Amino acid sequence: MSSVQNTAKVIDGKEASARLKDGIAKAVADLKERHKVTPGLATVLVGDDPASHVYVASKQKTAIELGMTSFQHDLPANTSQEELLTLVKKLNADPKVHGILVQMPLPKHIDQVKVITAIDPAKDVDGLHPESVGRLVAGADTLVSCTPLGCLMLLKDTLGDLAGKNAVVIGRSILVGKPVALLLLNENCTVTVAHSRTKDLPAVCRTADIIVAAVGKLEMVRGDWIKPGATVIDVGINPLPSTDGKRRLRGDVNYAEASQVASAITPVPGGVGPMTIACLMVNTLKACCLQNKIADVAVPTKLPARKN
Ligand code: NDP
């Protein structure tokens with residue numbers, strides 16, 4: 001007996017982030033022309049982690065492409081906590097800097113929480129300051145952590161109104177799982193947060209209209225965990241075992257299986273990843289407008305519509 005197989009719509013993060021960046025660039029140009037203000041993003045990188053260097057370079061490049069100013073601070077691995085806190089203080093006071101991004105992870109001798117807490121919440125474009133997180137919990141407007149914001153934008157662009165949907169978020173980190181769950185709750189989803197102690201995770205996932213997987217375990221979510229027609233957002237970034245030295249990435253979801261069951265799914269790479277940097281730029285633009293009390297510039301709050 002042959003079965004008819006469904007193939008899910010691919011949620012294309014590259015295309016979506018290009019749309020978002022287009023909207024940001026237009027808003028930045030408008031801000032510069034009418035208000036003579038240029039959004040400034042300061043990146044702070046401590047040490048020589050190669051992956052962090054690539055991430056930071058890409059953030060700086062995107063900021064410049066969109067018409068913003070990028071202030072780059074590359075510090076040696078032996079920078080003391082005091083030196084880093086002094087720099088953060090200086091950036092907090094600099095009116096040309098509207099967003100401060102301290103690239104994580106920091107070297108072990110530096111207390112990450114102390115550094116995040118030292119950033120002025122008005123400039124917390126990574127959305128990790130306790131004040132930003134608290135405002136998200138309260139359902140108030142705030143600077144939201146970039147990857148979760150990207151997930152939400154992709155979901156709303158795909159599904160429209162999310163109210164009443166059952167969402168299962170796998171992972172409860174402060175960086176991804178928790179803020180994603182709060183954002184979905186604020187959109188009136190019924191949210192379940194699963195984690196390493198969750199019992200019968202496949203059965204929990206089968207209740208979901210929306211699955212957001214943020215675990216860091218290669219292709220853990222199988223096709224038969226997914227309710228037919230569900231929408232799947234795969235945040236995971238996992239290297240495939242390599243025999244030829246080439247780096248290939250896959251997500252937390254078994255894409256080949258899941259795409260036969262879901263109605264829409266993000267690929268890895270090319271799904272959530274590209275949205276993260278675009279959302280950092282949204283946050284920098286938003287922070288700049290708030291700091292300058294500018295309310296008449298169109299900061300994108302969702303993905304702009306596709307051009308026909
Ligand atoms: P963390 O390691 O901080 O958190 C992982 C979460 O997954 C934890 O809450 C953990 O549960 C849960 N978990 C672990 N094993 C299981 C399991 N077997 N079953 C159910 N839950 C489990 O990771 P992050 O949240 O920082 O990142 C998650 C993934 O997303 C990673 O692959 C990361 O690389 C990727 N990522 C991608 C980004 C992007 O831009 N695309 C940005 C940020 C992250 P517990 O709390 O019980 O330990």
Side-chain angles (χ1 to χ4, degrees), residues 10-17 20-21 43 49-52 54-59 62 101-106 112-113 116 125-128 133 136 143-155 167-184 191-208 211-222 224-226 232-241 247-255 258 265-283:
V10 180
I11 302 174
D12 182 348
K14 275 195 195 155
E15 181 277 332
S17 70
L20 184 57
K21 285 192 276 188
T43 55
D49 178 57
S52 293
V54 173
Y55 291 144
V56 168
S58 162
K59 288 166 188 177
T62 308
L101 179 122
V102 179
Q103 185 64 40
M104 303 294 163
L106 289 168
Q112 238 167 251
V113 176
I116 291 169
V125 284
D126 233 359
L128 296 175
V133 178
L136 183 61
L143 294 167
V144 176
S145 174
C146 305
T147 300
L149 185 58
C151 293
L152 183 72
M153 286 194 185
L154 290 176
L155 278 169
V168 172
V169 179
I170 321 174
R172 57 175 164 180
S173 71
I174 189 78
L175 186 63
V176 190
K178 278 181 189 156
V180 166
L182 289 163
L183 285 171
L184 292 173
V191 182
T192 304
V193 183
H195 45 78
S196 65
R197 310 287 181 89
T198 297
K199 287 193 180 131
D200 200 354
L201 183 58
V204 172
C205 288
R206 278 183 215 113
T207 66
I211 294 182
V212 180
V215 186
K217 296 244 182 294
L218 179 68
E219 299 180 333
M220 184 187 85
V221 178
R222 308 300 303 256
D224 63 358
W225 296 23
I226 294 164
V232 178
I233 303 291
D234 189 352
V235 185
I237 301 177
N238 309 292
L240 274 180
R247 196 163 175 259
R248 293 183 187 85
L249 300 175
R250 291 289 182 275
D252 289 341
V253 179
N254 184 314
Y255 185 88
I265 183 167
T266 54
V268 177
V272 172
M275 287 298 290
T276 298
I277 291 184
C279 286
L280 176 68
M281 302 304 142
V282 169
N283 280 349

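Note that ligands are numbered from 1 as they come in the structure, with each ligand's atoms numbered from 1 the same way. From a predicted model like this one, the values you see are computed outputs, not experimental measurements.
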What protein heavy atom sits nearest [atom], and how far away is it?
atom: atom 30 (O) of ligand 1; answer: Val235 O, 3.5 Å
atom: atom 17 (C) of ligand 1; answer: Met220 SD, 3.8 Å
atom: atom 3 (O) of ligand 1; answer: Ser173 CB, 3.3 Å
atom: atom 47 (O) of ligand 1; answer: Ser196 OG, 2.5 Å
atom: atom 21 (N) of ligand 1; answer: His195 C, 3.2 Å
atom: atom 42 (C) of ligand 1; answer: Thr147 OG1, 3.3 Å
atom: atom 29 (C) of ligand 1; answer: Gly216 N, 3.7 Å
atom: atom 26 (O) of ligand 1; answer: Leu175 CD2, 3.8 Å

Examine distances only and state if a side-chain atom of [X] and a backbone atom of [Y] form a donor-acceptor pair shorter than 3.5 Å.
X: Arg222; Y: Ala258; result: no
X: Thr62; Y: Ser58; result: yes
X: Asp126; Y: Leu128; result: no
X: Thr266; Y: Asp234; result: yes
X: Ser145; Y: Pro148; result: no
X: Asn238; Y: Gly251; result: yes
X: Asn283; Y: Val125; result: yes
X: Asp252; Y: Gly216; result: yes

What do you reckon, does [X] put a non-hydrogen atom under 4.0 Å from ligand 1?
X: Met275; answer: no
X: Gly177; answer: no
X: Thr198; answer: no
X: Ala194; answer: no

Considering the heavy atoms of [X], write down every atom of ligand 1 situated less than 4.0 Å from one of them.
X: Gly171; value: 6 (C), 7 (O), 9 (O)
X: Gly273; value: 41 (N)
X: Val176; value: 25 (O), 43 (C), 44 (C)

Quick check for you: to the nearest 0.5 Å, what is the distance between [X] atom [atom1] and [Y] atom [atom2]?
X: Leu101; Y: Lys59; atom1: CG; atom2: NZ; result: 4.5 Å
X: Lys178; Y: Arg172; atom1: NZ; atom2: CZ; result: 7.0 Å
X: Leu106; Y: Gln112; atom1: CG; atom2: CD; result: 5.0 Å

Taking non-hydrogen atoms only, is [X] closer than 4.0 angstrom to ligand 1 via side chain, backbone, both or neither?
X: Val215; value: both
X: Leu201; value: side chain
X: Thr276; value: side chain

| request: Give the C-alpha distance, both sets of side-chain angles, the deciding distance and a yes or no for side chain to side chain contact (heavy atoms under 4.5 Å, CB included) between Leu184 and Val212. | output: CA-CA 10 Å; Leu184 292 173; Val212 180; 4.3 Å; yes
| Close N or O approach (Arg172, ligand 1; < 3.5 Å) | yes
| Does an N or O anywhere in Ile237 fall below 3.5 Å from an N or O of ligand 1? | yes
